[in-house]
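First comes the structure, then the notes that go with it.
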2 protein chains.
Amino acid sequence: MTHEVFSKLDLTSLLSLSFSTSINELHERLSELGFGDIRPVHGFMFKCITPNGATGIELAEYLGITKQAVSKMVDYLEKSGYVMRKTHPTDKRGKIIVLTERGWLVVKAKEKILTEIEQRWIENIGTERLQMLKEDLTKLVYEANEDKLPTRLRPVW
Amino acid sequence: MTHEVFSKLDLTSLLSLSFSTSINELHERLSELGFGDIRPVHGFMFKCITPNGATGIELAEYLGITKQAVSKMVDYLEKSGYVMRKTHPTDKRGKIIVLTERGWLVVKAKEKILTEIEQRWIENIGTERLQMLKEDLTKLVYEANEDKLPTRLRPVW
DNA sequence: AATTATAGTCAACTTGATTGACTATGTCGT
DNA sequence: ACGACATAGTCAATCAAGTTGACTATAATT
């Protein structure tokens, strides 16, 4: 694909490719660090869990999947040593999912790698332009969500 | 989610939410026009098909799925009246997938709706800023792909 | 002409989700 | 305080959308 081809992409293709590009690089790097069993949704889940844990319902809403899907995912991540279930402090029905030490390592690694990706983006388009890009996307997402149910993170396809 | 919450989102969350926001609105609008059986991947497939058709292999590469998945998708879209298979002009093994009249209606509708979404984004952040946003994303995606296999449209999750 | 590669389809399988039911617990209205 | 209703999380079954490997007909290569 030449630059000319890219410049003719519509908005949704541009956003999808931008997302795929950054998330692919992130997970290649995480793999190199020994976190090859982490999928993008796991990284987003860990973000929601920090710093104090989250309930299954909170994770389901945040990620845009059902509570049963969250339950299965937590089963898998618990078995892989990234999260733990704890009893809810005030609701006996509930569980709080928290990160293990290994889970925190993923969160730190992700932050570091994303900082490096952004650094390279800054070298490409400049600090001010990246700042504006993020401000504008934030504004547009905020506006689109201010009187609706929040858009779920999970990209529909 | 308050504006403060949005402004703390990392890059990958921002891009995912931006994509979801725009693609959700697009498909709500397409649904209103009677194209409720179209998924985002179909819209991208139609884009790849225009104007002269595409082979199964081309569609698979463009969308980031296997040729069998494309075959099944084309089965479905053929049955729904959006595409047709034609024999390849020069390769007897091959098929060319082309759009029907109804398929072209979807392409036109998508273009119109995306123009309207962009128009509203212009009202929000200004013509110049949207222009810069698109230029910057184009630049970043292009740079990330110039010496690699192309990033596939399909967002990994 | 023989060998190797490819396009598309087939059937079977896998993955990651959803659905509806269930139990234990929490909330609300009287 | 109690009964009715709602909810959190789990269970088993199911489904959608993909992948895999095999296959045939055709194309390309040697």
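Heavy atoms only: backbone and side chains are in, while hydrogens, waters and symmetry mates are out. Everything numeric here is computed off the predicted structure, so don't read it as measured data. Throughout, a chain's letter reflects where its sequence line sits, starting with A, and its residues are numbered from 1.
Applying the 4.0 Å criterion to OP1 and OP2 of C/dA17, one finds that B/Trp157 has a side-chain N or O inside that range. OP1 or OP2 of D/dT10 lies within a sub-4.0 Å distance of a side-chain N or O belonging to A/Ser71.
Residues from residues 40-58 of chain B with heavy atoms under 4.0 angstrom of DNA chain C, sorted by number: B/Thr55, B/Gly56, B/Ile57. Non-hydrogen atoms lying under 4.0 Å from DNA chain C are contributed by nothing in residues 77-86 of chain A.
Both B/Lys95 and A/Arg39 lie close to DNA chain C; mapped to their nearest nucleotides by heavy-atom distance, the more 5′-ward contact belongs to B/Lys95.
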Exercise for the section: Report, as a single string ordered 5' to 3', how protein heavy atoms within less than 4.0 Å touch nucleotides 20-30 of chain D: B base, S sugar-phosphate only, - not at all. Expected result: B----BBS---

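Between the side chain of A/Lys72 and the base of C/dA17, at least one donor-acceptor pair of N or O atoms lies under 3.5 Å.
Counting Ile, Leu, Val, Met, Phe, Trp and Tyr side chains that sit under 4.5 Å apart, directly or through other members, A/Ile57 stands alone, with no cluster partners.
Between B/Tyr82 and B/Phe46, the ring-plane angle classifies as tilted under the 30° and 60° cut-offs.
For the atom pair CG (B/Leu133) and CE (A/Met132), the distance works out to 9.5 Å, reported to the nearest 0.5 Å.
B/Phe44 and B/Trp104 fall within the same hydrophobic cluster, where Ile, Leu, Val, Met, Phe, Trp and Tyr residues are linked whenever their side-chain heavy atoms come under 4.5 Å apart, directly or through other members.
The distance from atom CD of B/Glu61 to atom P of C/dT6 is 11 Å, rounded to the nearest whole Å.
Rounded to 10°, the helix from C/dA1-D/dT30 to C/dT30-D/dA1 has 40° between the axis fitted to its first five pairs and the one fitted to its last five.
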Can you list, pair by pair, the side-chain donor-acceptor contacts under 3.5 Å of residues 123-130 of chain A, counting residues two or more places apart and other chains?
| from | atom 1 | to | atom 2 | distance (Å) |
| --- | --- | --- | --- | --- |
| A/Arg129 | NE | B/Asp136 | OD1 | 3.3 |
| A/Arg129 | NE | B/Asp136 | OD2 | 2.9 |
| A/Arg129 | NH2 | B/Glu135 | OE1 | 3.3 |
| A/Arg129 | NH2 | B/Asp136 | OD1 | 3.1 |

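Formation of a donor-acceptor pair under 3.5 Å by the B/Ser22 side chain with backbone atoms of A/Thr12 is not found in this model.
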